[in-house]
Amino acid sequence: MQIFRDIAGLKTFLNTWRKEGKSIGFVPTMGALHNGHLSLIEASKSKCDLTVCSIFINPTQFNDSKDFEKYPRTVDNDLILLQKYNCDVVFCPTDDIMYPEKTQLQIHFGYLEHIMEGKHRPGHFSGVGLIVAKLFHVVQPDLAFFGQKDLQQFMILDRLTKDLLFDIELVCCPIIREEDGLAMSSRNQRLSKIERLEAVALFQALQLAKEHLLNGKNITETKKIIYNFFEEKKSIHLEYFEIVDRNSLQSIEESIQKNQQLALCIAAYIGEIRLIDNIIINY
Ligand code: PAF
């Protein structure tokens, strides 16, 4: 496994492969790798000749400086895992390399930045767009792999790729869950034992909502059931629960169309830790 910390070295290495006609798959991460990330590495390896993973905790996408400081940093362990999964190349730049000067650039995504994650984390998607655009310029992959857990991020990056004419195919990979259903996330590492047990409530709520919707409850009734479900869980603060169209992420307030694909999206605080999850259902 080749590890690069500078852009020039990485570019030279990748150019040699590109000249030989090899396809490049890219998995951008912020480290603290878990099986969700490793499933992206596997997906890339199954579709591309060469897999590049980046590890960079991007400061511009954290709207809360405490969250940035406390974000798990486990690079040594990440490198061991990547080696074990036969990742070919790892790019671990420093802040100075990715942001040599204080950036002024803001990226706006219209409607998508004002709902759910965008509404509750102002500036977050601008930071995500900025770093992913930089990484795409450096790596110039053929395919890039992201997890469905960050469904709204995937839609944002799809917009970015199309609007900036990146010739890159984005692949949205399924959520990987723990045995009890909790979606894998780097933030899970920060949960205490009790919080970890409580955190399964997000997945339980999504399943409950799915059951009620498919049994004919309308949107308002379903949302009420979910808000009541969390009323009883004093240690969890529900930030939002939304039922949106899977393709546009537009909120569905009234009637659901037959055969419409819905995304049920949730964000909640377990103590200080903010977790998100979603499921997609065919109505
Ligand atoms: O999903 C993440 O881990 C990050 O938002 C990403 C895409 C690596 C950008 O920093």
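Order of listing sets the numbers, starting from 1, for every ligand and every atom in it.
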Quick check on ligand 1: any N or O pairs to the protein under 3.5 Å? One line per pair.
unit_1: ligand 1; atom_1: 1 (O); unit_2: Gln153; atom_2: NE2; d: 2.9
unit_1: ligand 1; atom_1: 5 (O); unit_2: Gln61; atom_2: NE2; d: 3.0
unit_1: ligand 1; atom_1: 5 (O); unit_2: Gln153; atom_2: OE1; d: 2.7
unit_1: ligand 1; atom_1: 10 (O); unit_2: Gln61; atom_2: OE1; d: 2.6

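A salt bridge links Glu239 to Arg274: at least one charged side-chain nitrogen sits closer than 4.0 Å to a carboxylate oxygen. Salt bridge Asp142/Lys47: absent, no basic N to carboxylate O contact under 4.0 Å.
The stretch residues 60-108 participates, sequence neighbours left out, in these ring-ring contact (aromatic ring centres under 6.0 Å, His included) pairs: Phe62-Phe68, Phe62-Tyr71. Legend: side chain to side chain donor-acceptor pair (under 3.5 Å) pairs involving residues 203-221, not counting sequence neighbours: none detected.
Legend: residues meeting salt bridge (Lys or Arg N to Asp or Glu O under 4.0 Å) with Asp158, ordered by chain and number and at least two apart, are Lys162.
Below 30°, between 30° and 60°, or above 60°: for Phe13 and Phe4 the angle between ring planes is between 30° and 60°, a tilted geometry.
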